[in-house]
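Okay, structure first, notes after.
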Amino acid sequence: MSNYLRLKKMLYVVALAAIAIVIGLLQIPWGFLHLDFSEVVILLALLILGPKEAMLAAVLRSFVRAMFTGFLDPIILLGEILALLASFSIIMAYVIVRKILHKSEKPFLYEVPVNGNHTSLFEWVISILLISLSLTMTLLVFNTLFSTPMYYTYFTINDAFSFVKSTGQNWGAYIWSNVVLYVPFNLVKGASVTILFLLIKPRIKYLEL
């Protein structure tokens with residue numbers, strides 16, 4: 001790979017991370033959670049640059065946000081860790097979608113496809129399902145085992161086992177409370193991010209990359 005192409009890729013990573021930060025400022029409140037659409041930009045980074053660069057853009061987005069909003073605040077750091085897990089789960093889910101669809105296109109930075117204006121119904125369905133389920137299950141497990149007990153005890157413990165025992169709950173009630181709290185939010189987020197991405201996707205080929 002030439003130095004020019006490496007530099008171009010890094011510039012795109014930085015630019016897309018910056019766009020993700022700006023779009024992430026537009027949030028829809030959902031209880032104490034907030035729905036944002038910065039993951040749409042991360043999926044576009046996957047389309048334009050490839051999986052590694054999309055992950056790098058997600059890391060850069062979260063790092064910069066943490067720097068500006070309170071790098072030493074454990075709640076903010078935990079939020080950015082969750083955001084990274086969300087981005088990684090969405091990236092990996094869409095990579096799986098492309099394998100299921102037998103799509104092996106190169107990133108748009110290297111080769112813009114001649115066709116691709118039409119998104120099939122099967123791609124819509126499988127993308128929404130896999131991305132939503134991947135995001136939901138990844139964050140449900142992490143929230144249940146780590147972030148919920150850490151948040152409610154303000155980081156005085158680090159595992160769910162001590163937390164459940166200290167509150168006198170049984171595991172069934174604790175897991176169900178997490179399902180009710182997190183699953184609807186992440187299903188809506190996964191579906192809405194995927195829908196927006198698939199609406200934008202056919203138009204990316206017209207950009208001058």
Which distance, rounded to the nearest 0.5 Å, do you find between the [atom1] of [X] and the [atom2] of [Y]?
X	Y	atom1	atom2	value
Leu16	Leu11	CG	CG	11.0 Å
Thr194	Ile126	OG1	CD1	11.5 Å
Phe185	Leu140	CZ	CG	13.5 Å
Asn143	Asn186	CG	CG	7.5 Å
Leu43	Ile48	CG	CD1	11.0 Å
Phe37	Leu26	CZ	CG	9.5 Å

Answer yes or no: does atom [atom1] of [X] have more than 12 heavy-atom neighbours from other residues, nucleotides or ligands under 6.0 Å?
X	atom1	value
Tyr151	OH	no
Tyr4	OH	no
Lys165	NZ	no

Kindly give the heavy-atom pair with the smallest separation between [X] and [Y], and that separation in Å.
X	Y	value
Ile76	Ala66	CG2-CA, 4.3 Å
Ala57	Ala17	O-CB, 3.6 Å
Thr69	Arg65	OG1-O, 2.6 Å
Val180	Pro184	O-CD, 3.4 Å
Pro202	Thr119	CG-OG1, 4.1 Å
Leu101	Glu123	CD1-CG, 3.5 Å

*Quick one: list whatever passes side-chain contact (heavy atoms from CB on, under 4.5 Å) with Met10, sequence neighbours left out.*
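For Met10, the residues satisfying side-chain contact (heavy atoms from CB on, under 4.5 Å) (neighbours in sequence not counted) are Leu56.
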*Centroid-to-centroid, Trp30 to Tyr182, below 6.0 Å?*
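Distance test on ring centres: not under 6.0 Å, no.
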Is a side-chain N or O of [X] found less than 3.5 angstrom from the main chain of [Y], in a donor-acceptor match?
X	Y	value
Ser132	Leu129	no
Ser134	Ile131	no
Thr144	Val141	no

Hydrophobic clustering (ILVMFWY, side-chain heavy atoms < 4.5 Å, transitive) - are [Y] and [X] grouped together?
X	Y	value
Ile128	Leu121	no
Phe32	Ile28	yes
Met137	Val179	no
Leu7	Leu109	no
Leu60	Val22	no

*Is there side-chain contact between Ile81 and Phe142, with at least one heavy-atom pair below 4.5 Å?*
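In contact.
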*Hey, are the side chains of Ile23 and Asp36 touching, using non-hydrogen atoms and a 4.5 Å cut-off?*
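No; the side chains remain at least 4.5 Å from each other.
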*Stepwise, does the side chain to side chain contact (heavy atoms under 4.5 Å, CB included) test hold for Leu78 with Phe146?*
CA-CA 10 Å; Leu78 181 60; Phe146 300 104; over 6 Å; no
*Got a sec, which residues hit side chain to side chain donor-acceptor pair (under 3.5 Å) with Ser87, two or more places apart in sequence or on another chain?*
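Counting only residues at least two positions away or on another chain, Ser87 forms a side chain to side chain donor-acceptor pair (under 3.5 Å) with Glu39, Arg61.
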*asked:* Before you tell me yes or no, could you show the steps for Phe88 and Thr138 under side chain to side chain contact (heavy atoms under 4.5 Å, CB included), namely the whole-Å CA-CA distance, both residues' side-chain angles and the distance that decides it to 0.1 Å?
replied: CA-CA 10 Å; Phe88 289 171; Thr138 299; over 6 Å; no
*Would you sort out whether Tyr94 and Leu130 count as a side chain to side chain contact (heavy atoms under 4.5 Å, CB included), showing the intermediate values?*
CA-CA 8 Å; Tyr94 191 66; Leu130 280 184; over 6 Å; no
*Begin from the C-alpha positions of Met67 and Glu80 and carry the test side chain to side chain contact (heavy atoms under 4.5 Å, CB included) through to its verdict.*
CA-CA 11 Å; Met67 286 287 291; Glu80 292 303 334; over 6 Å; no
*May I ask you to check whether Tyr174 and Thr148 show a side-chain donor-acceptor distance below 3.5 Å?*
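No, no side-chain donor-acceptor contact under 3.5 Å.
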